[in-house]
Amino acid sequence: MPAQAAGTSQPPSLRELLRSPGYGRLLLVSALVGVPVSLAAFGFVSLEHELQHWVWETLPKELDYARAPWWWPLPALALAGLLLAPIVTRMPGRGGHVPVLGLGGPPTLPVEVPSVVLAALAGLPLGAVLGPEAPLMAIGSGLALLTVSAAKRAASPMVGPMLGAAGSTAAIATIFGSPLVAVVMMVEAAGLGGAQLTMLLLPCLLASGVGALVFTGFGHWTGLSIGALSLPSVPKAQLPDAGDFLWGCRSRW
C-alpha cells in the first residue's frame, strides 16, 4: 500500500503560502489600506479629543464655572444614554462589540461602521466609556473590508479576517504612536500561533507602518492634537527597597 493515496496532496507549506501571488496581493492591499484608514482614524480621534475638551473644560467655563463641578458627570452620562439608545437598538452593528467580551472576534463589516462612529462620538466625550481603542479597531476593520467585495471574502475565508486585522492595526496605531505596539496588541487579540500568526503579522506591520508615516506627517502639517497615549514626564528610576520587595510578594500571593 503506498504511503500516500493517489489523488491526495499535502497542504501548502508556510513558505509556499507566503510566496503565493494571492498573499502578495494581500500585502499590497494592506499597504494601500494603511493610508485611508490612518487618515480616517486621525480625523476621528481629533474630533473626539476636541469634543471631550469642549464638554469638560470649555462648556463649564462658559457657564461661569472655574472647572467642571462634582455633579457634571450626571447630566453628561444621562445625555450619553439618550444618544446611545437609538444607536444600539436600531442601527446595524449596534454601536460595536460588547466591551465585557474583550478584544477579538469577527471583523467589523462596513455597514456597521456608522453605528460604531456615532456611538463612540456620543459615549467617549461624555464619559460613558474610557478609551477609543475598540472603536478605532472597528473603524479600521470596516474601512479595510470596503476594498474587498463580499463575494471575494466568501471565496477566500482568510482574506476578510486578515485584511480586517490589518486595517484595525493601522487605525489603533494612531493613539499608540508606534506600529509595533499596535501589532503586539493585535496579536494578543487574534489569539493565533504558528503559521497563521506569521501570515497575519506581515499585513498588520505593513498597514500600521504606512499608517504611522501618514498620520505622523498629517498631524505635524495640521497641528491638530489627537491626545495620543504618552507620559508627560518619566520618573527617575530607583533601586527597589525592602518595601517594594514585600509589596511584590504580597501581589504575587
Side-chain angles (χ1 to χ4, degrees), residues 20-48 87-88 90-98 103-124 132-176 179 182-183 185-187 189-190 192 196 199-219 222 226:
S20 64
Y23 190 74
R25 289 192 292 269
L26 175 64
L27 293 180
L28 177 60
V29 173
S30 299
L32 296 176
V33 158
V35 177
V37 166
S38 62
L39 290 176
F42 185 93
F44 167 78
V45 178
S46 298
L47 177 59
E48 183 272 328
I87 297 174
V88 300
R90 299 183 181 182
M91 295 187 67
R94 299 182 178 273
H97 82 298
V98 180
L103 298 177
T108 302
L109 299 177
V111 70
E112 300 172 343
V113 171
S115 71
V116 173
V117 174
L118 292 177
L121 291 179
L124 284 167
E133 293 86 356
L136 281 174
M137 294 174 68
I139 293 171
S141 172
L143 293 180
L145 291 181
L146 279 176
T147 62
V148 180
S149 64
K152 290 183 178 179
R153 295 199 301 269
S156 302
M158 291 299 294
V159 170
M162 285 191 176
L163 195 56
S168 297
T169 312
I172 202 172
T174 309
I175 58 171
F176 286 132
V183 170
M185 184 175 180
M186 183 55 59
V187 168
L192 299 176
Q196 289 183 324
M199 294 183 66
L200 179 66
L201 280 177
L202 294 179
C204 290
L205 283 170
L206 268 176
S208 59
V210 172
L213 292 175
V214 172
F215 66 69
T216 299
F218 195 74
T222 59
I226 60 172

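Only a predicted model underlies this, so the values are computations on that prediction, with no experimental measurement involved.
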Non-hydrogen atoms of Pro203 and Ser30 that approach each other most closely:
CB-OG, 3.4 Å
Heavy-atom distance under 4.5 Å between the side chains of Leu39 and Phe42, does that happen here?
no
Can you sort out the partners of Ser168 under side chain to side chain contact (heavy atoms under 4.5 Å, CB included), two or more places apart, ordered by chain and number?
Met137, Ser141, Met186
Does the side chain of Leu143 come within less than 4.5 Å of Pro110's, by heavy atoms?
no
Non-hydrogen atoms of Tyr23 and Met199 that approach each other most closely:
OH-O, 2.6 Å
I need the minimum non-hydrogen distance between Cys204 and Thr169, along with the two atoms involved.
SG-OG1, 3.4 Å
Least distance between heavy atoms, Ala41 atom then Leu136 atom
CB-CD2, 3.7 Å
Calculate, to the nearest 0.5 Å, the distance between atoms CG and CG belonging to Leu206 and Leu202 respectively.
7.0 Å
Scanning both residues in full, the closest heavy-atom pair of Ala144 with Thr147 reads O-OG1, 2.6 Å
Smallest separation among heavy atoms of Glu133 and Ile172, with atom names
CB-CD1, 3.9 Å
When rounded to the nearest 0.5 angstrom, what distance separates CG in Leu32 from CG in Leu27?
11.0 Å
Atom pairs and distances, side-chain donor-acceptor, residues 111-124, under 3.5 Å, sequence neighbours left out:
unit_1, atom_1, unit_2, atom_2, d
Glu112, OE1, Leu109, N, 3.2
Ser115, OG, Pro92, O, 2.8
Ser115, OG, Gly95, N, 3.2
Ser115, OG, Glu112, O, 2.9

Considering residues at least two apart in sequence or located in another chain, which fulfil the side chain to side chain contact (heavy atoms under 4.5 Å, CB included) criterion with Leu201?
Val183, Val187, Leu197
